[in-house]
Amino acid sequence: MAKYTLKINQQEFTVDADPQTPLLWVIRDEVGLTGTKYGCGIAQCGACTVHLNGTPVRSCSLPVSAISGQQVTTIEGVSEDQSHPVQKAWIEAQVPQCGYCQSGQIMSAIALLDKNPKPTDDDIDTAMSGNICRCGTYTRIRKAIHNASNEISNGSN
Amino acid sequence: MEATNSIDRRKFLKLTGISGAMLAIGFESLAMELGEDAIVKAIMAEDFIDGTAINPFVIISEDGQITIMATIPELGQGINQGIPAIIAEELEVDLGKVNIVKSSATRKYGRQSIGGSRNTRSLYGPMRKLGASTKEMFIRAAAKRWGISTNDCYAKDGQVFKKGSSTSLTYAALVKEAAAIEVPKNPTLKNKKDFKLIGKPLPRPDLEMKVSGQADYGMDAKTEGLLYATIERCPTLQGSVAGFDKNAAMAVSGVEKVMEVTRKVYGKDNVGIAVVATSYHAALQGRKALNIQWNNAEFAKISSEDIDKELGALTKEEGYEHVEKGDFKATLAQADHVLGVRYDLPYLSHTCMEPMNATVHVKEDGTCEVWAPSQSPQVQRQFARILGIPDDQAEEKIKVHLPYLGGGFGRRSMNDSLFECLQISQAMTKPVKLIWSREDDTSQGPFRQRTAHAMVATFDADKKPIGLQHKMISQAITTQGRPSRGRLPFEVMEGINTHYDIPNISTRFVEYKNQIPIHWWRSVFGSTNGFAHEGFIDEVAIVAGEDPLQFRKDRLQSEPRYVKVLERLEKEANWNKKLPKNEGKGLAIVESFGTIVAHAVFLKKQNGKVSIPKVVSVIDCGVYINPDQVAAQTEGNIIYGLTAALKDPITFKNGAAEQANFDTYRMLRMNEAPRAIEVHIMENDEAPGGMGEPGLPPIAPALANAVFDLTGKRIRTLPFDLQKV
């Protein structure tokens, strides 16, 4: 066991954990932010996606010892009130069904739009294919990302 | 209402952090914020609501807040809003001003289990009646107070009005008197043309929580002192423990207990070893150290190759009769041409995004708190018997939270993980969360059935079909762990359309017995039968030299709803338009769970790669509640069905499933999904059909039929690789 200070959603948390503990379980069970989900544990489904210094990473496969001092953003850090353009677009397109994968989907979508504010369908497929949805919300996700892209670019004009 | 805790509604609203009146609250996370008292008392969703419960579903506070309980497990199908919308429609209240509150699991709400695409179908009538009766009670209370006839009153927007005047009384002002009135047995229901909510695409209130990580799933259950458990189970599903290294597991830092746990699956007791620790990571490390030796030689013989041969041998059996029309056997002698082929579908895992899990706290005082991510969450009676609690105290002593479900697909109608977790918590008298790893979830079953289908069609000299036989060979779900009943199990022939106007039709079932456990999987036998039957109907149409859509239309004239669906699909999919050489189209139509669904799948081959640019769907589900949910469920069924058709099967070698995680049991991803899915809904006044499953059975045959149109190659075995056709 060792002590780690984590910067999550602009807040500092000190946790006591085995160095090999995946960041996912520290976020969920030590820090108590359960919006980030466990889906596979081998970086194949994307349910655990968080941002590390703005880049999407799979927290299930990242030992807590490897992220010390870096900025972590989880779904809870995206906005206070579901007001992020991607969250708004998700509601407008009524994307989630069971919703379990959607935190990860939204974190991947935000990272995509940060890098590429005007993605094509192919860009979206490439960026989002690491996130599995068993309810089959893919067509709505694609539509929502386009809508969010429009709102972001209209907002910045 | 039961006595409430002293947390008022405003504080509760503040705690949820959501403004606006439309709320669907996951309460479990709140318990932590409310401090230790709240946790000890096992605060249930219902405890947060102020007001008078005029019935278990409708609660009205003195300040006018109307609450409608959402009592059916929400696994993404929108039922959390669907049922309250039905009540609100007849009750004449503005759903936008109603608090929709996710309830706990308890008998006062009636049956809360979900499956068989049943809930809207079975609750549409009763919940309309409940809403209408409640409205009538308010009208009677108002009429009494005004001293006038109920005929001179009407209800609108949560108030009762005196006809021809602006005098009104709110439901809140009337609730005490109304609650004392006997519930009317035969209330007047609204006309469909007056509906304001039913049939409208209302946005779902639970989505605000689902885009912000706030929705509470079973996996997210929180309580003081929670321990985490993982279980190593026998890779061959059955077997007994010969030995294991308990000390090595106990030596892992954080591990608190190592114990045997029994998982009951269809009458078989399977022992596993649970490792319980202060963190899930520690529990997993302990599990790795167990080094269990299994006595499982007899179960290690099972292989997919043998199963294949056993099914093949059974195709020669007569089996049980399902439908016999005319004399199919006689046509074999008369026929000018006979087509006989076999279709095969694999075992599959349900693979909910949220792996199986459960949280149970058996407390020192003899009570028990449960977080049940279950399609059948009312476990009080069964838990009580295990805990030695008398039946009549089960509801009082065992509190069951009903979290959001991260998918169900039938898998969560088996409560195996809850009973495993109960054993652990009972042994420790501590709160325990049991988490199945993805590998456990994929490889331990129960699975979707593996089926074989012997299909035979007979044709006259003009190549027109005179006979058709569909003989289905499979295990049955309802005869597992017991001898065959000697008759046709009710579930096995779903989705086989015997309405086709072919003079001699024979549909039969041959029962296969195998120890691999199977369980209800989205659309169940519709998912397997629909593929074989509609794929074969296409083959028959091609032999007959007819267009597959026209063939179906011509031979389903006795069923006008089918014909209308096909006509609509013909138009919406622009079916008769000739496609370029590198494109193909296919369709299928299947009725299941009271709903008829036809899909047209379009394929395109470009630069050597085959993609699915579009799927067009036509749904006849009778009266529907929320058209956007009909569309969403159909989109979901299409993706789920395409995954089953195109990705990995569950296969067995040396008794164990060969697939474990998403690297070996792959899911359809966004880059492989159809670019567009169009859903069209038929308008009629037929009784509501199910929507959770009926979109699934026709997708695989429509896809396979499109492959034939594109390539001339007939797909009769699932799964197949779309890039290798």
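Just so it is clear: chains get the letters A, B, ... in the order the sequence lines come, proteins before strands, and each one is counted from 1.
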Enquirer: Counting only heavy atoms closer than 4.5 Å, note whether B/R666 contacts chain A via side chain, backbone, both or neither.
Expert: neither
Enquirer: Which atoms of B/A631 are under 4.5 Å from chain A, going by heavy atoms: the side chain, the backbone, both sets, or neither?
Expert: both
Enquirer: Please classify the contact between A/I124 and chain B as side chain, backbone, both or neither, with a heavy-atom cut-off of under 4.5 Å.
Expert: both
Enquirer: I want to check something: taking the side chain as every heavy atom from C-beta on, are A/W25 and A/T36 in contact at a cut-off of under 4.5 Å?
Expert: no
Enquirer: Quick test of your reading of the model: are A/R28 and B/D220 salt-bridged, counting only N-O distances below 4.0 Å?
Expert: yes
Enquirer: Need one label for A/V26: side chain, backbone, both or neither, based on atoms under 4.5 Å from any heavy atom in chain B.
Expert: neither
Enquirer: Does NZ in A/K143 sit with more than 12 non-hydrogen atoms of other residues, nucleotides or ligands closer than 6.0 Å?
Expert: no
Enquirer: Once you measure the plane-to-plane angle for B/H401 and B/W371, does it fall in the parallel (<30°), tilted (30-60°) or perpendicular (>60°) bin?
Expert: parallel
Enquirer: Go through the atoms of B/P201 and report whether side chain, backbone, both or neither lie under 4.5 Å from a heavy atom of chain A.
Expert: neither
Enquirer: Answer with side chain, backbone, both or neither: which region of B/I435 has an atom nearer than 4.5 Å to a non-hydrogen atom of chain A?
Expert: side chain
Enquirer: Could you look at A/D122 and say if it's the side chain, the backbone, both or neither that has a heavy atom under 4.5 Å from chain B?
Expert: both
Enquirer: Among A/C135, A/P96, A/G35, A/S79, single out the residue with the greatest number of heavy-atom pairs under 4.5 Å to chain B.
Expert: A/P96
Enquirer: Is the side chain of A/Q71 donor-acceptor paired with the backbone N or O of A/G54 at a distance under 3.5 Å, no angle test?
Expert: no
Enquirer: Answer yes or no: is there an ion pair linking B/E74 with B/R204, defined by an N-O contact shorter than 4.0 Å?
Expert: yes
Enquirer: Taking A/I141, A/V78, A/I42 one by one, which has the highest count of heavy-atom pairs under 4.5 Å against chain B?
Expert: A/I42
Enquirer: Just give me the residue among B/L284, B/T351, B/D441 that pairs up with chain A most often, heavy atom to heavy atom, under 4.5 Å.
Expert: B/T351
Enquirer: For chain A, find which of B/F662, B/Y217, B/Y640 contributes the most heavy-atom pairs closer than 4.5 angstrom.
Expert: B/Y217
Enquirer: Is A/T137 close to chain B through its backbone or its side chain, or both, or neither, when contacts mean heavy atoms under 4.5 Å?
Expert: neither
Enquirer: Taking 4.0 angstrom as the limit, do B/D628 and A/R140 come out as a salt bridge?
Expert: yes
Enquirer: Can you tell which part of A/D18 gets under 4.5 Å to a heavy atom of chain B, answering side chain, backbone, both or neither?
Expert: side chain
Enquirer: For B/I677, is it the side chain, the backbone, both, or neither that has a heavy atom closer than 4.5 Å to a heavy atom of chain A?
Expert: both
Enquirer: Select one option (side chain, backbone, both, neither) describing which atoms of B/T442 are under 4.5 Å from chain A's heavy atoms.
Expert: neither
Enquirer: Under 6.0 Å from the ring centre and within 45 degrees of the ring axis: does the NZ or CZ of B/K210 meet both conditions for the six-membered ring of B/Y404?
Expert: yes
Enquirer: How about NZ on B/K200, more than 12 heavy atoms from neighbouring residues, nucleotides or ligands closer than 6.0 Å, or not?
Expert: yes
Enquirer: Taking every heavy-atom pair that is under 4.5 Å apart, which of A/Q87, A/Q94, A/H84 has the most such pairs with chain B?
Expert: A/Q94
Enquirer: Can you tell me how far apart CG (B/L696) and CZ (B/F409) are? Round to the nearest 0.5 Å.
Expert: 10.0 Å
Enquirer: Give the minimum heavy-atom separation between B/M356 and B/R411, together with the two atoms involved.
Expert: CE-CG, 3.4 Å
Enquirer: Less than 4.5 Å to any heavy atom of chain B: does that hold for the side chain of A/Q20, its backbone, both, or neither?
Expert: both
Enquirer: Going by an N to O cut-off under 4.0 Å, is there a salt bridge joining B/R675 and A/D125?
Expert: yes
Enquirer: Is A/I132 in contact with chain B via its backbone, its side chain, both, or neither, using a 4.5 Å heavy-atom distance?
Expert: both
Enquirer: Under a 4.5 Å heavy-atom cutoff, which of B/G636, B/S212, B/G406 has the most pairs with chain A?
Expert: B/S212
